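Keep in mind it's a predicted model, so treat the numbers as computed, not measured. Position 1 is the first residue of the sequence; numbering continues from there. Quick note: numbers below take in every heavy atom, side chains included, and nothing from hydrogens, waters or symmetry partners.
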Amino acid sequence: MTSTNPSSAIPQGAAGHRHSTRVRRALRVGSVALVLVSLVWGGYFAWQGDTLLVAANLLMGGTGAWCVRLARRGDTRGASLLLVGMLLLVLCLMCVFLDIPSPRAPRVTHHYLLALGATALLLFRNDRPWLRHGAPLLCFAAFFVFGSTQWGIVTPHALPDELRVLGSWANSAMAMAVMYALLYVMLSEVAEHKAMVADLRRALQDPQQQFALVYQPQVDTAGRVRGAEALLRWTHPGRGPVSPAEFIPVAEQSGQILPLGHWVLGRACAQLVAWAEHPQLRELTLSVNVSAQQFRQRDFVPQLLSILQRSGARPGRLKLELTESMLVNDLDDIVAKMRILKAEGVGLSLDDFGTGYSSLSYLKQLPLDELKVDKSFVQDVLENPQDAAIARTVTTLGLTMGLSVIAEGVETAGQRDFLAGIGCRAFQGYLYSKPLPAAEFDAYAERQALQRAA
């Protein structure tokens, strides 16, 4: 159960920065520091009448404000790249052209580079290796160069020693304050992680008390409910509802994703049995997103078949959604397990297709039944030609291979009409319904069936 998409039963936590509390906090610290420094120095240079440096500080402050805006919109990776890149450039330029060391006043601007390196470590910890290691090391290398040399280029804008002596106190204090805030973020993350692990362990002693599945309808072009996707929810007795984007990464890192995923499969099969007792619900399918850790267990297939047998659920009504990330390693083992499950009648869907590592050479080996168009392409399909082209390509590819194609994250009639026009025949999203508790979903599906029959 591994997708960042909240429409998965268990979303993937380590796939990106969008839902990371750590990243948001580090961005907040860096952005606020950037805005404050730009205001202080911008005010001074305005008083001195240096319009060039006033403009430079306005650019810095605007960058900090824009980073906050990007983070609030969910683009924390873009905000992180902008913040670290702009700050590194500005600090290096200040060290070279403004803060030129002298016997009276040593250079201090480079102290910010230590704080920037620590910020980069927090922001890019789960990113690609070249960025995860490259950005912090570049900041630390710049700190070393400017701290151990007297190099600088004298210009008319270079700060006088009198100002630099005074400014060294302010810059050093601000750099230390930023480092303290970043260390606090690190320590608070560790404490929160430990608390979450303990809470999850207690919750899993009796999952039914705190965990529940809700169901988002999957609808065809005629508006008929053809199935649902199971989504996991956790209501903590003290904290209330906990976002899956918060607790799933912890469950994955602590290994508790395995018992949690086992419980989800059990509940899903029990729901299929309940639907089988209703004439208007018995043909519904139920999709469950399976984590890479869970699928790679040696005994995953026997476990699932045992759950199906004990519950009495029909294998043909259960659909497992697999993510592209699990195809990177042990492809032969994954394909072998998929073939066994398919032979037993279990449906197989590739979730979030086009966002990960899949290639056509992988795809043609997989005994799939369905491709799922990721909502990141669907949400801007009417405005972004690239997203529209990707959605069209995925749909055409799936249909050419004889697979069903379903689009998730459909929120408007325009999106649905575009997707239907390119051949997609199944949709999931808020245009039809939000995720519903079991009783409400049953009522919704029965009401839709009766309306179609009338």
Are [X] and [Y] side-chain neighbours, meaning at least one heavy-atom pair lies under 4.5 Å?
X      : Y      : answer
Leu91  : Leu116 : yes
Tyr180 : Val29  : no
Phe211 : Arg267 : no
Phe143 : His111 : yes
Leu27  : Leu123 : yes
Leu265 : Leu320 : yes
Val381 : Asn384 : no

N-O pairing of Arg317 and Glu283 below 4.0 Å: yes
Charged N-O contact under 4.0 Å between Asp127 and Arg77: yes
Looking only at heavy atoms, what is the nearest atom pair of [X] and [Y], with distance?
X      : Y      : value
Gln271 : Leu286 : CB-CD2, 4.3 Å
Gly223 : Gln448 : O-NE2, 3.6 Å
Val378 : Ala407 : CG2-CB, 4.1 Å
Leu318 : Cys269 : CD2-SG, 4.4 Å

Phe441 and Tyr444 aromatic ring geometry - parallel, tilted or perpendicular at 30°/60° bounds: tilted
Partners of [X] by side-chain contact (heavy atoms from CB on, under 4.5 Å), sequence neighbours excluded?
X      : answer
Asp417 : none
Met60  : Leu34, Val37, Ser38, Asn57, Val90
Leu368 : Met338, Leu348, Leu350, Leu363, Leu366, Leu371, Leu403

Kindly write out the residues that satisfy side-chain hydrogen bond (donor to acceptor under 3.5 Å, both in side chains) with [X], not counting sequence neighbours, or none if the list is empty.
X      : value
Ser254 : Gln256
Arg202 : Asp199
Arg224 : Asp220
Arg339 : none

Exceeds 12 heavy-atom contacts within 6.0 angstrom, atom CZ of Arg73: no
Residue Glu383 excluded, over 12 heavy atoms near CD under 6.0 Å: yes
For Arg239, salt bridge (charged side-chain N to carboxylate O under 4.0 Å, His left out) partners two or more places apart: Glu246
Pair Glu370-Ser404, side-chain donor/acceptor within less than 3.5 Å: no
Inter- and intrachain pairs under salt bridge (charged side-chain N to carboxylate O under 4.0 Å, His left out), touching residues 424-439, at least two apart: none
Given Lys372, Gln216, Lys319, the one that forms side chain to side chain donor-acceptor pair (under 3.5 Å) with Glu229: Lys372
Test applied, side chain to side chain donor-acceptor pair (under 3.5 Å); reference residue, Gln428; option that passes from Lys375, Arg226, Glu408, Gln218: Gln218
Donor-acceptor contact present, side-chain [X] to main-chain [Y], <3.5 Å:
X      : Y      : value
Lys342 : Lys337 : no
Asp75  : Gly78  : yes
Gln297 : Gln294 : yes

Return all side-chain donor-acceptor pairs below 3.5 angstrom for residues 393-400, not counting sequence neighbours, or 'none' if the list is empty.
from, atom 1, to, atom 2, distance (Å)
Thr393, OG1, Ala389, O, 2.8
Thr395, OG1, Ala391, O, 2.8
Thr396, OG1, Arg392, O, 2.8
Thr400, OG1, Thr396, O, 2.7

Atom pairs and distances, side-chain donor-acceptor, residues 300-311, under 3.5 Å, sequence neighbours left out:
from, atom 1, to, atom 2, distance (Å)
Gln303, NE2, Asp299, OD1, 3.2
Gln303, NE2, Asp299, OD2, 3.1
Ser306, OG, Arg310, NH1, 2.5
Ser311, OG, Ile307, O, 2.9
Ser311, OG, Leu308, O, 3.1
Ser311, OG, Ala313, N, 3.2

Residue pairs involving residues 272-282 (criterion side chain to side chain donor-acceptor pair (under 3.5 Å); sequence neighbours excluded): Trp275-Asp442
